[in-house]
Amino acid sequence: MSNEISDKGYFGIFGGQFVPETLMSALQQLDREFTAAWNDPEFHAEFERCLREIAGRPSELYFCKRLTEECGGAKIYLKREDMNHTGAHKINNTLGQALLTKRMGKTRVIAETGAGQHGVATATAAAVFGLECEVFMGTEDIRRQALNVFRMKLLGAKVVPVESGQRTLKDATNEAMRNWMSTSENTHYILGSVCGPHPFPLMVREFQTCIGIEARQQMLDVAGKLPNVVVACVGGGSNAAGIFAPMIDDKDVQMVGVEAGGRSMNLGDHAAPLTVGSHGVLHGSLSYVLQDGDGQTAEVHSVSAGLDYPGVGPEHAMWKETNRVRYTSCSDEEAMDALIKLSRTEGIIPALESSHAVSEALKIAPTLPKDQIVLINLSGRGDKDCNEIQEILARRK
Ligand SMILES: *Cc1c(COP(=O)(O)O)cnc(C)c1O
């Protein structure tokens, strides 16, 4: 298998469109419209203007002087997606898809959300473009993420409670897809990661490649060479795909994706499908999935809500099997330790999700010589996690 994408939306054997017949016409329309937009210089100009004026791009490339000295090995750099408007990389994708919604002449967007970060980014883009917005969210997540629920409402979105299953992200995604079946005439579904049926994995990756395109050039400008290792956390896989894809053909750049190792590596205690899962279909595409002995999608756990998902984007499944990217996991505890370390050495409180990437980088950097470079995609900031962090630290005492 090579790292190739077929025009039917397969990444090697992974991906595809495993959806009910009633969704096929909406997906085909989206595929057509995205392809046309992505070949249109005017769309690119408009997208780049939005990234600059609304998201605040380009994001900085930051050298961690003190952290590097403490580790005593490779130089550590951060790609500062935490500095984007709304606090993470998610806004890159929602701006792209909101622009596409306008282009398709649709007036309403829907989205799924777990922690609420994608919901807030979608509500923000909808407000900017004057689109009606409904966000599907499990009632368990609504309870845990009250502040983000309030932010979405403040931004003018309607939050639709989902009562099925575990009442979390997987269930919210099912409900959003179901809603789209009967509303696609005037509604676009803004999916939040490189998951779901074609063309979502391809489209979301393209909207997120601004991260890797900038980072690649910034490394050349600042250090005169590309990084030796790029590290990113993997939930659905969009921030990782965004930084990996533009350097995937740079054969000397090693890449590491870090999944949520949770409480333990027993099924139900983590969210690491690439590390210990198996082939399966979830939300319309073939990829790696966490499943029990009967093939039922397993329950998952992570300290970071954004990584708490039993599946992963199909392109990552391909990169795993071609050995282009190494996938590993780090535990809740290790992520917390890395969060505290980065806060105290650099004055940056990272998101719990991003802390998984920081943790892995802290393992790698000391093993490498001082002239080498480890680049971390710092996908988001930790402000949203402060309640959670406070509770965890109180339990540790
Ligand atoms: C949502 C989120 C993630 C996980 O999503 P990916 O699609 O894997 O990038 C990671 N970091 C932050 C800060 C997030 O909000």
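Just follow the structure's listing: the first ligand is 1, and inside any ligand the first atom is 1.
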Should the pair Phe47 and Phe43 be assigned to parallel (<30°), tilted (30 to 60°) or perpendicular (>60°) ring geometry? parallel
Could you label the plane-to-plane angle of the His44 and Trp38 rings as parallel, tilted or perpendicular, counting under 30° as parallel and over 60° as perpendicular? tilted
Does any N/O atom on [X] come nearer than 3.5 Å to any N/O atom on ligand 1?
X: Gly237; result: yes
X: Leu307; result: no
X: Ser193; result: yes
X: Asn239; result: yes
X: Cys233; result: no

With sequence neighbours left out, which residue pairs that include part of residues 103-130 fulfil the salt bridge (charged side-chain N to carboxylate O under 4.0 Å, His left out) condition? Asp40-Arg103, Arg108-Glu132, Arg108-Glu134
According to the salt bridge (charged side-chain N to carboxylate O under 4.0 Å, His left out) rule, which pairs have a member within residues 62-71, sequence neighbours left out? Lys65-Glu69, Glu70-Lys341
For salt bridge (Lys or Arg N to Asp or Glu O under 4.0 Å), just list the numbers for Arg381 and Asp82, CA-CA rounded to whole Å, side-chain angles, deciding distance to a tenth of an Å, and then say yes or no. CA-CA 5 Å; Arg381 67 177 89 123; Asp82 61 314; 5.6 Å; no
So do Lys320 and Arg326 actually touch side chain to side chain, heavy atoms under 4.5 Å? no
Mind checking whether His89 contacts ligand 1 via backbone (N, CA, C, O), side chain (CB onward), both or neither, at a 4.0 Å heavy-atom cut-off? side chain
Of all the non-hydrogen atoms in the protein, which one sits nearest to [atom], and at what distance?
atom: atom 12 (C) of ligand 1; result: Ser379 OG, 3.5 Å
atom: atom 4 (C) of ligand 1; result: Gly306 O, 3.4 Å
atom: atom 15 (O) of ligand 1; result: Lys90 NZ, 2.7 Å
atom: atom 6 (P) of ligand 1; result: Ser238 N, 3.3 Å

Is the centre of the Phe14 ring less than 6.0 Å from the centre of the His279 ring? yes
If we number the atoms of ligand 1 from 1 as shown, the ones under 4.0 Å from a heavy atom of Gly235 are 8 (O)
Output the list of atoms in ligand 1 that are nearer than 4.0 Å to some heavy atom of Gly380, sorted by atom number. 13 (C)
Does Lys170 make a cation-pi contact with Tyr309, if we ask for NZ or CZ under 6.0 Å from the ring centre and within 45° of the axis? no
